[in-house]
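Residues take their numbers from the sequence shown, with the count starting at 1.
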Amino acid sequence: MPSSTILLLDQDESSADRINAILTSAGYAADRTTDPDDLLQRAEQYRLVIVDVVRGPRGPQEICRAIRDDPRISGLSILCIAQSDDVEERVGLLEAGADDVMAKPFDGRELEARIEALMVRVRTRGTMAPLSLPGLGIVPGHRVIVVFSPKGGSGTTTMAVNTAVALSQRRAGTTALVDLDLHWGQAAMHLDLRPALTLAELSQDEQALAEPDLLRTYATEYGPGLAVFCAPRRPDQASLISASQVDRTIRGAATLFETVIVDGGSVYDERSLAAFALADTLCFPIYPEIAALKALTALLEVLTEQGHAGRTIYIINHLFAREMLKVSDIEHTLGARVDLELPYEPMIYLKAVNEGVPVVRGAPRSGPAERLTRLAEILGGTSPEPETRAPAPQRNGRLGGLLRRS
């Protein structure tokens, strides 16, 4: 990178040295100034301005406004570094015109990733109009699959991660995984990823939510071509993400990738409803016990009332050493056939999670891997559907009676 790429405004020597060291290791070079007036005079030569420590009457917000008010440099990208994690400070900087804000203390990888995202924006600004995303039909043949269970611990993440990996192994670069378990998402851990950016940061970037090519920069790459949009690092960041942002994230991913797998977790709210509304396939892991079935049937009633018309796939995850409920009883309760069963193999799953290596890669010849690969084929449309059988009876078995009385 030429030295004229980035201009750093920083009046603190040690802070400037640290930022310069991070930029240098990432392949960037920055010029530094300590004078806001000097920055405004020279900014036209640069692609990006970083505003860090500024003391005196003209603070970071005033500098941002001055840049936006100057026709020569109003289109310049601005990254501000807030001196604390105070929400009001960060919001004030964004309202003053900053393109992005990060708070101290920060990890060098985060700074690098945010600069790269802004540089992508610089390269595309003025040449790319925001894409209109009226619906998933914008790209014929692309699909959105939501894996969800109203019962936590049913295996949604295991199924979402392994099917996404299996599909990406068949055709690299065609699959994305969105971890919508916003409070406690574990997809990154299952894949041994350390994301620089997550859905929390994406939710603050309106332009990336409107432009899929910018949205792509928020994905973490795994293995042979799987893009992973990771859940927030902390549970309190889940509140940053709205249903509208979930909608735009999934729509944008669906224009970039043939298959989008969404780990929907187990929380029913406006954000999960936004994902359901976009799904052409809903995949429900079934925890084989009565309370979990009661929750699932209640959810299915709601989705039926809302008119969901996509495919519904049911997977029994045998989490117990012995059969707690018969498959026939579960089918009677659901009024539908079970599409697939995952065998009881606790050590294989535990090993996969603890090592961060999905079952389909770490134990490809095992029974669970064979079943998960089969699930990927069903969800991805690369395998014939399960055999058509007579419809299951409608809740006239023992479990159906228990659920009605509950």
> Please walk me through it: do D247 and R271 pass salt bridge (charged side-chain N to carboxylate O under 4.0 Å, His left out)?
Replying inline: CA-CA 8 Å; D247 177 276; R271 295 169 298 193; over 6 Å; no
Between the side chains of [X] and [Y], is a donor N or O closer than 3.5 angstrom to an acceptor N or O?
X: T175; Y: S168; value: no
X: Y46; Y: D31; value: yes
X: Y314; Y: E341; value: no
X: E89; Y: S84; value: yes
X: K104; Y: S15; value: yes
X: D100; Y: Q204; value: no

Flag the pair [X] and [Y] as a salt bridge only when some basic side-chain nitrogen lies within less than 4.0 angstrom of an acidic carboxylate oxygen.
X: D99; Y: R68; value: yes
X: R365; Y: E370; value: no
X: R42; Y: D38; value: yes

>> Show, in sequence, the C-alpha distance, side-chain angles and deciding distance for D205 and Y218, and conclude whether the side-chain hydrogen bond (donor to acceptor under 3.5 Å, both in side chains) test is met.
In response: CA-CA 10 Å; D205 190 338; Y218 284 85; 2.6 Å; yes
>> Give me each pair satisfying salt bridge (charged side-chain N to carboxylate O under 4.0 Å, His left out) with a member in residues 219-245, each pair once, sequence neighbours excluded.
In response: E201-R233, R234-D236
Measure the shortest side-chain to side-chain distance between [X] and [Y] over non-hydrogen atoms and say whether it is less than 4.5 angstrom.
X: L191; Y: V228; value: yes
X: L296; Y: K151; value: no
X: I78; Y: I63; value: no

Side-chain ([X]) to main-chain ([Y]) donor-acceptor, under 3.5 angstrom:
X: D263; Y: A160; answer: no
X: R143; Y: G380; answer: yes
X: Q61; Y: A96; answer: no
X: N317; Y: I286; answer: no

>> Which residues pass the side chain to side chain donor-acceptor pair (under 3.5 Å) test with E355, not counting sequence neighbours?
In response: K351
>> Taking CZ in R194 as the centre, count heavy atoms belonging to other residues, nucleotides or ligands within less than 6.0 Å. Is the count above 12?
In response: no
Distance-minimising heavy-atom pair for [X] and [Y]:
X: V338; Y: E331; answer: N-OE2, 2.9 Å
X: C64; Y: G97; answer: CB-N, 4.4 Å
X: V144; Y: L278; answer: CB-O, 3.7 Å
X: V49; Y: V51; answer: CG1-CG2, 3.8 Å
X: G265; Y: T156; answer: O-CG2, 3.9 Å

Give, for atom [atom1] of [X] and atom [atom2] of [Y], the distance between the pair rounded to the nearest 0.5 Å.
X: D280; Y: H142; atom1: CG; atom2: NE2; result: 11.5 Å
X: I378; Y: T163; atom1: CD1; atom2: OG1; result: 11.0 Å
X: R251; Y: L209; atom1: CZ; atom2: CG; result: 13.0 Å

>> Between E110 and R114, is the salt bridge (charged side-chain N to carboxylate O under 4.0 Å, His left out) condition met? List the steps.
In response: CA-CA 6 Å; E110 181 183 1; R114 287 176 182 267; 2.9 Å; yes
>> Applying side chain to side chain contact (heavy atoms under 4.5 Å, CB included) to I115 and I50, what does each step give before you reach the verdict?
In response: CA-CA 9 Å; I115 288 174; I50 300 175; 3.9 Å; yes
> Is it the case that R216 places NZ or CZ above or below the six-membered ring of F229, under 6.0 angstrom from the centre and within 45 degrees of the axis?
Replying inline: no
> Could you walk me through whether R371 and E345 pass the salt bridge (charged side-chain N to carboxylate O under 4.0 Å, His left out) check?
Replying inline: CA-CA 12 Å; R371 295 279 85 190; E345 289 281 358; over 6 Å; no
>> One pair to check against salt bridge (charged side-chain N to carboxylate O under 4.0 Å, His left out): R170 and E377. What are the steps and the verdict?
In response: CA-CA 10 Å; R170 291 176 177 269; E377 293 170 348; 2.7 Å; yes
> Any ring-ring contact (aromatic ring centres under 6.0 Å, His included) pairs touching residues 254-286, not counting sequence neighbours?
Replying inline: F148-F276
> With L340, which of I316, I315, L372, I313 fulfils side-chain contact (heavy atoms from CB on, under 4.5 Å)?
Replying inline: I315
> Hey, mind stepping through L76 and L48 against side chain to side chain contact (heavy atoms under 4.5 Å, CB included) and telling me if it holds?
Replying inline: CA-CA 6 Å; L76 188 66; L48 170 68; 5.9 Å; no
>> Could you walk me through whether Q186 and D179 satisfy the side-chain hydrogen bond (donor to acceptor under 3.5 Å, both in side chains) test, starting with their C-alpha distance in whole Å, then the side-chain angles of each, then the deciding distance to 0.1 Å, before giving a yes or no?
In response: CA-CA 8 Å; Q186 299 294 322; D179 189 352; over 6 Å; no
>> Assess the residue pair L8 and N20 against the criterion (side chain to side chain contact (heavy atoms under 4.5 Å, CB included)); give the C-alpha distance rounded to whole Å, side-chain angles, the decisive distance to 0.1 Å, and a yes or no.
In response: CA-CA 9 Å; L8 170 64; N20 267 317; 4.2 Å; yes
